[in-house]
Amino acid sequence: RSVIRRKVVALAVAATLSVAGVITIATTEAAAAVGIEDDGADCPVTLPSEGSLPTNTRLPDPFRKLDNTRIATKGDWRCRREEIKRLSERFVYGDKPPKPTTVTGTVTNTNITVNVNHNGRSSSFSASVSLPSGTGPFPAVVVYGGFGADAAAIRAAGAAVINYDPYTVGREGTPRNNKQGAFYTIYGNTSSTGLLMAWGWGVSRIIDVIEQSGGNILKADSTGVTGCSRFGKGAFVAGVFDQRIALTMPIESGTAGVPIFRGVPGEGAQSLSSAYGEQPWFGDAFGTFTGSPNRLPVDTHQMVAMVAPRGLFIMDNPHIANLGPRSASVAALGGAEVYRALGAGDNITYWSDVADGTHCANRPEWRTPLQQNIQKFLLRTGNAAGAIRISSRAQGNLADWRDWTTPTLTDSSPSPTDTTPPSTPGAPAASN
Ligand code: MCU
């Protein structure tokens, strides 16, 4: 059944592309990287019960599977990633439902509309679009709440800005048992899925509409996402859970964003219980872990790893302890080990070496790496190396946090537990 599902997805991608007249997806491997929201949906995963979770004061080994063996090949990462995804949904953020039965909408030079129908329920939302100068189709960066990486710099680099109001998809200020917004209209006001995942679901539906739009204005395989603070948490989660997002750029995300849940002691970061109680950002299931993060079977270095090998540019602020910048640097360093093991070490940048301490300020230090990341992952005209630039004011030490080593993953084909990507009968021949 799951194999059939993958074929349907692959065919849909091929069909979309041929309608658009642009064949950019040449191999099934590339399709897996940019064309599918959840490339591992067919992987067999049996989740542990909450009561059986071990206590681990260190960061869980991202390379160790639920069956307690370690992955050996790069191909093995696909289904290991799916395990991490499913654990993260179950215990941290809440489930992200797969694409709804019907998603329709339009893309114009100024606006994107999204209409969703599922199980007899429907909801809609829209987002405004600002194109860069020049001739399209353009890549685009979804900017949460108009509050992320410098929109002028994004457009100057050649990408459109999609101004996304996440509150239309998941409102803040509601009790957990009466959540509101387009996501909860479809999946129920008592859904245990938190706002960060609901917001990410909204970005995924925007990408669905871009995919279906014919590709004359915006390119579906070249979407980035950014946001600052609570919207940095949101941008991070969006990129973690949709593999079509080519560039993820969280800024100063703080607790519930990039920083490790286990938390560098004494740092002064917002506590898990404070973040859990402030808004329903986390999923409801996270509530039993706020006082005991060592029971979590995952931590945010694995969310970082889930973005691999796609572009990830984490911007952080070392001047505000409440943001947990040391804990964020540990997450980046831990996740970067997976990037390295996959041969994609150059695709992650962590940058907290900035002078201005104002929360969510537009910082001159980030302009060049921002534009380089857009060129590399969205326009695909650049090849700048990734960088880890941790401010000396807020340095975390990965060695304190891991009892695992980084394996040398071989290039050989996936082990038998992994399914080889299916062929796509009827798909256009590869063009490059
Ligand atoms: C850093 O993100 C949050 C923080 O978690 C909250 O405690 C605070 O109220 O708001 C921050 C934010 O979103 O600022 C814009």
Side-chain angles (χ1 to χ4, degrees), residues 92-94 142-151 163-176 179 181 194-200 202-203 225-240 248-264 266-284 286-287 289-291 293 296 299-300 303-304 312-332 350-352 354 356-363 366 390-391 393-394 396:
V92 181
Y93 304 105
V142 177
V143 180
Y144 273 53
F147 206 41
D150 180 3
N163 217 307
Y164 171 55
D165 178 1
Y167 295 147
T168 61
V169 174
R171 277 197 6 224
E172 289 192 340
T174 68
R176 286 187 174 273
K179 300 186 187 85
L195 296 181
L196 302 180
M197 193 66 109
W199 296 346
V203 174
V225 61
T226 188
C228 185
S229 208
R230 66 196 60 203
F231 296 152
K233 311 179 205 300
F236 181 53
V237 169
V240 169
T248 303
M249 302 187 286
I251 304 175
E252 303 181 32
S253 59
T255 304
V258 175
I260 54 172
F261 300 136
R262 281 163 174 78
V264 172
E267 178 169 34
Q270 183 177 21
S271 71
L272 294 176
S273 58
S274 164
Y276 182 81
E278 183 173 338
Q279 297 291 344
W281 291 320
F282 284 113
D284 295 359
F286 194 76
F289 294 96
T290 56
L296 284 166
D299 212 316
T300 56
M303 314 309 160
V304 169
L312 178 58
F313 176 27
I314 299 168
M315 289 161 265
D316 217 338
N317 180 344
H319 304 275
I320 301 179
N322 182 260
L323 292 169
R326 290 175 200 275
S327 299
S329 73
V330 174
Y350 178 89
W351 197 305
S352 64
V354 294
D356 184 348
T358 314
H359 187 39
C360 296
N362 268 336
R363 294 197 169 73
W366 289 336
I390 304 175
S391 164
R393 301 177 61 103

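Indexing begins at 1, ligand by ligand and atom by atom, following the structure's order. The figures that follow rest on heavy atoms only: side chains count, while hydrogens, waters and symmetry mates do not.
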| request: Can you pull out the closest protein heavy atom to atom 9 (O) of ligand 1? Residue, atom name and distance to 0.1 Å, please. | output: Glu278 OE2, 2.5 Å
| request: With sequence neighbours excluded, tell me which residues meet salt bridge (charged side-chain N to carboxylate O under 4.0 Å, His left out) with Arg230. | output: Glu172, Glu278
| said: Suppose we measure from atom 11 (C) of ligand 1 to each protein heavy atom; which comes out shortest, and what is that distance? | reply: Ser229 OG, 3.0 Å
| said: Contact between Val92 and Phe289 at the side-chain level, heavy atoms closer than 4.5 Å - yes or no? | reply: no
| said: The criterion is salt bridge (charged side-chain N to carboxylate O under 4.0 Å, His left out); which residues satisfy it with Asp284, sequence neighbours excluded? | reply: Arg176, Lys179
| task | Would you mind telling me if ligand 1 is within reach of the side chain of Leu323, the backbone, both or neither, using heavy atoms under 4.0 Å? | result | side chain
| message | Tell me whether the count of non-hydrogen atoms from other residues, nucleotides or ligands lying under 6.0 Å of CZ in Arg262 goes above 12. | response | yes
| note | min-distance protein heavy atom vs atom 10 (O) of ligand 1 -> Arg230 NH2, 2.7 Å
| Within the side chain of His319, is there an N or O that forms a donor-acceptor pair under 3.5 Å with the backbone of Val354? | yes
| Which atoms of ligand 1 sit under 4.0 Å from any heavy atom of Lys233? | 1 (C), 2 (O), 3 (C), 4 (C), 5 (O)
| request: Pull out every atom of ligand 1 sitting under 4.0 Å from any heavy atom of His359, numbered as shown with elements. | output: 14 (O)
| Just by modelled atom types, is the Val143 backbone N or O under 3.5 Å from a matching donor or acceptor in the Thr226 side chain? | no
| query | Can you find a non-hydrogen atom of Trp281 under 4.0 Å from ligand 1? | reply | yes
| Protein contact of atom 4 (C) of ligand 1 - nearest heavy atom, named by residue and atom, plus distance | Gln270 OE1, 3.5 Å
